Amino acid sequence: MPEGPISGSANKGGMPVSAGREHLFLREDELRLAQDLLFFGYRDFTRDADVLLEQLGLGRAHHRVLHFVGRRPGLTVGELLGILGITKQSLGRVLGALLEQGYVTQAPGRADRRQRLLSLTESGRMLERQLFDKQRDTVMRAYREAGPAAVDGFRRVMRGLMGAEARAQLDQLGGQPAAPGTAPAGGMAGGMRR
């Protein structure tokens, strides 16, 4: 991606003029910095949860299943496959371990008995809560340091990174924050939900 002016105009010294300061974040070095921030932010966001998961012989794939099944009890295996974007074989290994260890339960569908509806057991809910609490503290600290305008910008950027299908899946999970000072259905004020 070439750096340089976005428009063809020049300043007094004959140097090309970019579209303006508001577009400096589109330079390659700024985009590479964004990538660095995503990598390092994700590493540190997952660190504390990874320690707990490792103690239990689990990993991030197990955490993702616990998270999404916890967010949508009764989620079908097919829906979970769509959310995670993984193969049946990969999910089978991860889900098998969670079922065997008693963190997840499955039941036949009400209308279609071939469907498997997933829910967390009590121990699964407790583990998911512990993992959430570890990451909540990290996100809460960052949100407080950045302030509300930056949090809104972060959400916009993260949604912008997602494709249309991922945005639709997020919206199904309740991915739209509540207005300040209101409590979303089934959640806590300020848009913090389990």
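Predicted model only: the values in this text are computed from it and were never measured.
Heavy atoms of other residues, nucleotides or ligands lying less than 6.0 angstrom from CD of Glu145 number more than 12. Residue Arg43 places its CZ atom among more than 12 non-hydrogen atoms of other residues, nucleotides or ligands, all under 6.0 Å distant.
At a threshold of 4.5 Å between side-chain heavy atoms, the hydrophobic network of Ile, Leu, Val, Met, Phe, Trp and Tyr places Leu81 and Phe68 in one connected group. Cluster annotation: Met126 is not connected to Leu53 through the hydrophobic network of ILVMFWY side chains, with a link wherever side-chain heavy atoms come within less than 4.5 Å. The hydrophobic clustering, which links ILVMFWY residues whose side-chain heavy atoms are closer than 4.5 Å, places Tyr143 and Met158 together.
Side chain of Arg167 to backbone of Met162: a donor-acceptor contact under 3.5 angstrom is found.
Between Arg32 and Asp36 no salt bridge is recorded (no basic side-chain N to carboxylate O distance below 4.0 Å). Between Asp171 and Arg159 there is a salt bridge, with a side-chain nitrogen of the basic residue lying less than 4.0 Å from a carboxylate oxygen of the acidic one. Between Arg27 and Glu30 there is a salt bridge, with a side-chain nitrogen of the basic residue lying less than 4.0 Å from a carboxylate oxygen of the acidic one. Ion pair Asp133/Arg129 flagged as a salt bridge, since at least one NZ, NE, NH1 or NH2 atom sits closer than 4.0 Å to an Asp/Glu carboxylate oxygen. A salt bridge links Asp44 with Arg47; the closest basic N to acidic carboxylate O contact falls under 4.0 Å.
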Next item on the list: Could you walk me through whether Arg141 and Asp137 pass the salt bridge (Lys or Arg N to Asp or Glu O under 4.0 Å) test, one step at a time?
Entry: CA-CA 6 Å; Arg141 184 192 76 247; Asp137 294 343; over 6 Å; no

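In this structure, OG1 on Thr76 lies 12.5 Å from CZ on Arg114, to the nearest 0.5 angstrom. Annotation: the span from Asp50 atom CG to Arg60 atom CZ amounts to 4.0 Å, rounded to 0.5 Å. One finds the NE2 atom of His63 at 7.5 Å from the NE2 atom of His67 (value rounded to the nearest 0.5 Å). Atom CD of Gln101 is separated from atom CG of Leu56 by 7.5 Å, given to the nearest 0.5 angstrom. Interatomic distance, Glu28 CD to Gln35 CD, rounded to the nearest 0.5 Å: 10.0 Å. Considering CD of Gln106 and CG of Leu95, their distance stands at 6.0 Å, rounded to 0.5 Å.
At least one side-chain heavy atom of Tyr103 sits under 4.5 Å from a side-chain heavy atom of Leu58. When side chains are defined from C-beta on, Gln172 counts as touching Arg72, because their heavy atoms get closer than 4.5 Å. Looking at heavy atoms from C-beta onward, Val77 lies in side-chain contact with Leu91 at the 4.5 angstrom threshold. Leu98 is not listed as a side-chain neighbour of Val69, based on a closest heavy-atom distance of 4.5 Å or more. Side-chain contact between Gln115 and Leu117: present, with at least one pair of heavy atoms (C-beta onward) separated by less than 4.5 Å. A 4.5 Å side-chain heavy-atom check between Val65 and Leu80 finds at least one atom pair inside the cut-off. Counting only heavy atoms from C-beta outward, the side chains of Leu52 and Asp48 never approach each other to under 4.5 Å.
Closest of all the heavy-atom pairs between Leu120 and Arg125 is O-NH1, 2.7 Å. When every heavy atom of Ser123 is checked against every heavy atom of Gly102, the shortest pair comes out as OG-O, 2.9 Å. Taking every heavy atom of both residues into account, Ala49 and Gln135 meet most closely at CB-NE2, 3.9 Å. The shortest non-hydrogen separation linking Gly82 to Glu165 is O-OE2, 4.3 Å.
Using bins of under 30°, 30° to 60° and over 60° for the plane-to-plane angle, the ring pair Tyr42/Phe45 lands in the tilted bin.
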